[in-house]
2 protein chains.
Amino acid sequence: MAIRPTARTDVTRSAVLAHLGAHGPASRADLARNLSVSPALMTQLTKDLLGDGLIRELAETRSQGGRPARMLGLVQSAGRAVGVKVAADHLALVEVGIDGAVSRAESVAFDASSATMLSDLAASIRAFIGSRSATPLLGIGVGVPGDVDRQGTGVVHSAQLGWQNTPLGDVLRRELGLPVLVENNVTALAIAERLHGVGRQHENFLVVTIGTGVGAAIVVDGSVVRGARGGAGEIGHLPVVDGGPRCRCGNAGCLEAMVGEDALVARGRERGVIGGADGIEQLRDAADRGDSAATAIFGEAGHTLGRALAGLVHTLDPEIVIVLGEGTAAWQHWSFGFEPAFRASLMPSRRGVPVAVETWQDESWAQGAAALVISTPFDAEGVAGEQGTEVRRRLVEQAGGSDS
Amino acid sequence: MAIRPTARTDVTRSAVLAHLGAHGPASRADLARNLSVSPALMTQLTKDLLGDGLIRELAETRSQGGRPARMLGLVQSAGRAVGVKVAADHLALVEVGIDGAVSRAESVAFDASSATMLSDLAASIRAFIGSRSATPLLGIGVGVPGDVDRQGTGVVHSAQLGWQNTPLGDVLRRELGLPVLVENNVTALAIAERLHGVGRQHENFLVVTIGTGVGAAIVVDGSVVRGARGGAGEIGHLPVVDGGPRCRCGNAGCLEAMVGEDALVARGRERGVIGGADGIEQLRDAADRGDSAATAIFGEAGHTLGRALAGLVHTLDPEIVIVLGEGTAAWQHWSFGFEPAFRASLMPSRRGVPVAVETWQDESWAQGAAALVISTPFDAEGVAGEQGTEVRRRLVEQAGGSDS
DNA sequence: TACGTTTTGTTTAGTCCTGAACTAAGGGGA
DNA sequence: TCCCCTTAGTTCAGGACTAAACAAAACGTA
């Protein structure tokens with residue numbers, strides 16, 4: 001019988017799983033080095049995990065001058081997670097494997113302002129989960145635009161959804177009977193980047209999203225900054241133009257009011273580039289066709305964003321800035337204004353900071369939310385709290401059952 | 001004989017000392033709770049520390065319904081530290097006790113651009129240290145305006161001092177034969193605030209300094225954010241006015257170029273408020289007398305600063321903002337413009353963020369630098385690295401010697 | 001083919017720390 | 001007064017983890 005895992009070992013065991021999930025197969029020696037643990041302990045842990053059927057031995061690698069390493073890999077059927085992106089008018093749902101790869105995706109209508117929205121949401125998730133599969137469902141990650149007090153309890157404040165003090169986490173947990181982790185959507189993306197993306201190679205970076213709103217997540221020393229009340233990264237409301245246009249937050253000249261999708265569309269209509277019924281797609285098409293008024297609108301937005309991000313780079317000194325979001329579809333036009341403004345606004349010693357713009361799919365948001373679940377082992381009893389422990393328990397228990 | 005401390009226990013023991021130094025006397029139970037350690041371990045640790053003569057038992061407190069607590073306090077003669085503020089034209093030096101209280105202070109001339117500046121600096125520090133006292137000197141903390149790669153090695157880049165890749169830490173260490181911790185001056189202040197000031201009650205806060213330059217330090221989850229290359233908090237070069245006045249960093253419209261001391265003085269001269277030979281004191285005097293042109297200059301600066309800090313609050317969601325620095329002498333005039341701009345630029349949910357403006361003395365900078373030494377036990381083998389271990393070793397060894 | 005080198009993985013003795021049970025020392029209510 | 005309750009502090013068995021020595025399995029060289 002496997003050793004009864006306590007809270008501490010459980011975390012370390014999960015770290016092994018997370019590492020294998022995030023970085024692919026690795027040898028015991030590699031794992032020990034990367035997780036800053038002694039080889040001796042790794043022998044112990046992997047013995048347990050092999051016994052529990054959570055990992056398996058793969059082929060040996062060719063020797064690099066010494067004994068060849070026996071690689072270890074995740075047993076893919078060990079677990080899966082569901083990620084949900086909540087928007088004002090729809091939900092995006094994905095199911096991911098333990099390695100973060102999407103196995104199923106769906107988009108359904110949703111009315112965030114409905115009186116029954118909480119039960120609607122639960123029903124949509126329940127429908128998506130469907131019948132029990134052989135692979136156990138570890139939990140549900142939910143990404144929302146707004147502040148979340150703590151991942152565990154999941155109380156949400158969101159101007160965009162019109163939610164105040166909504167106990168999203170508790171309700172879903174009760175309705176679904178599964179661990180539920182709620183987080184700000186950009187923060188979730190940052191966790192996903194840290195786990196599966198560019199962020200793997202960096203301890204300090206910024207994730208910036210452009211689209212309807214503008215958001216950021218800050219990663220310092222490998223973990224995401226949440227702030228006092230989970231509200232860090234709200235760069236959409238940075239004041240950038242004194243006396244500028246009014247923002248939906250009530251203030252004037254916010255970054256979002258300058259470079260958000262609505263602002264660009266409004267400017268496009270104002271200047272006659274697109275018609276009154278057209279949206280951001282038409283504006284982008286116009287720019288793609290080479291319409292100079294359209295490219296100017298994106299260029300101006302790039303300029304404003306560039307100056308604002310330069311400020312963030314000064315404030316936080318990141319290794320890299322990652323730009324994501326729906327707005328990146330038109331990045332070629334943004335960059336025209338962004339690059340010169342961004343570089344010129346930086347102190348000479350920071351001009352070299354790379355900006356990575358990643359391709360974007362609609363389900364990326366939901367994939368980020370799913371990463372909340374997959375990543376819980378990382379934060380040792382940290383933000384995810386009780387729900388994180390529960391996710392770990394589910395992962396370990398399903399295996400333990402097949403073994404006793 | 002006391003148990004031979006290994007690297008791990010040493011850190012925990014030091015954490016006890018640091019807590020007692022920072023928060024005053026406490027019971028074993030309190031210490032265990034605050035340091036997230038079991039009562040059992042605390043019994044063990046305090047036994048050692050009592051044996052080493054580093055702490056002592058104080059009076060009992062009155063019972064709060066149960067057994068009364070035996071309070072423990074630091075033995076004040078256990079150690080002292082020296083803090084140095086390096087400015088372009090002078091040095092400020094202080095000696096502090098293990099509780100952070102200043103016991104001696106001095107200010108000496110210094111030329112940061114001199115060819116012999118490193119040996120001058122070492123000589124000034126050596127003179128200040130003076131003859132050996134009964135209380136062992138744990139180390140030297142040095143605060144500089146600029147980026148510091150790591151506290152331990154102490155390589156400095158500072159535009160203000162005209163230093164590039166200056167190996168300050170290594171040189172001083174060799175010359176003085178003492179542990180030397182070098183850090184950005186605002187970061188050092190933040191550490192001091194966290195240890196002795198308002199920051200004791202907060203895990204997430206901002207420290208902002210106004211004076212010749214404008215700087216900030218960011219505290220997240222109790223520790224100071226340094227960024228990828230130790231350059232976090234450089235808010236002096238936030239771009240705030242597109243196409244604004246040129247800044248000494250080479251860019252245009254930086255915050256520092258708008259609200260730094262030089263900018264205010266220049267504006268005062270421009271508008272005829274003060275004469276060509278007058279400085280910031282005369283401008284402040286004029287404002288104190290009620291000169292409306294002078295108060296307007298400070299008010300405008302307050303307005304600009306308020307908007308910029310609102311942006312920081314959005315980005316980082318701190319519990320409180322602490323304003324420090326020479327510039328606070330005229331805060332009553334700043335606040336006139338600051339308060340409305342700051343509050344109005346915040347999202348409604350953040351309007352309540354308190355701003356604490358603290359009284360300022362010239363030696364505060366140096367006191368902050370000294371806190372680097374006193375605080376080393378806090379960062380478990382973290383930023384201070386080898387030098388931190390050395391400080392701990394000195395603290396423990398002097399006591400161990402009186403015991404064997 | 002024998003032998004040192006290098007890297008992987010395991011075993012063993014021992015340290016750090018915790019949880020749980022316990023003692024110590026007070027307060028307050030019947 | 002006696003008994004229970006609460007809080008402080010200690011003791012002790014046991015688990016997590018490490019360092020160090022060791023075994024295993026390749027490669028390179030003569």
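Order of the sequence lines sets the chain letters (A, B, ...), proteins ahead of strands, with each chain counted from 1.
- The CZ atom of B:R33 sits 15 Å away from the P atom of D:dT6 (whole-angstrom rounding).
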Might you list the N or O atoms of the protein lying below 3.5 Å from N or O atoms in nucleotides 9-13 of chain D, with each pair's distance?
residue : atom : partner : partner atom : Å
D:dG9   : OP1  : B:R70   : N            : 2.8
D:dG9   : OP1  : B:R70   : O            : 3.3
D:dG9   : OP2  : B:R28   : N            : 3.2
D:dG9   : OP2  : B:A29   : N            : 3.0
D:dT10  : OP2  : B:T43   : OG1          : 2.7

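- The stretch residues 31-44 of chain B participates, sequence neighbours left out, in these salt bridge (Lys or Arg N to Asp or Glu O under 4.0 Å) pairs: B:D30-B:R33.
- Listed by chain and residue number, B:A371 satisfy the side-chain contact (heavy atoms from CB on, under 4.5 Å) test with B:A192 (two or more places apart in sequence, or in another chain).
- Qualifying salt bridge (charged side-chain N to carboxylate O under 4.0 Å, His left out) partners for B:R174, counting only residues two or more places apart in sequence or in other chains: none.
- With sequence neighbours left out, B:S38 forms a side-chain contact (heavy atoms from CB on, under 4.5 Å) with B:A40, B:L41.
- For the pair B:D48 CG and C:dC17 C1', the interatomic distance rounds to 14 Å; values are reported in whole Å.
- Distance CG (A:L41) to P (C:dG9): 14 Å, rounded to an integer number of Å.
- For B:P68, the side-chain contact (heavy atoms from CB on, under 4.5 Å) partners two or more places apart in sequence, or in a different chain, are B:E60, B:S63.
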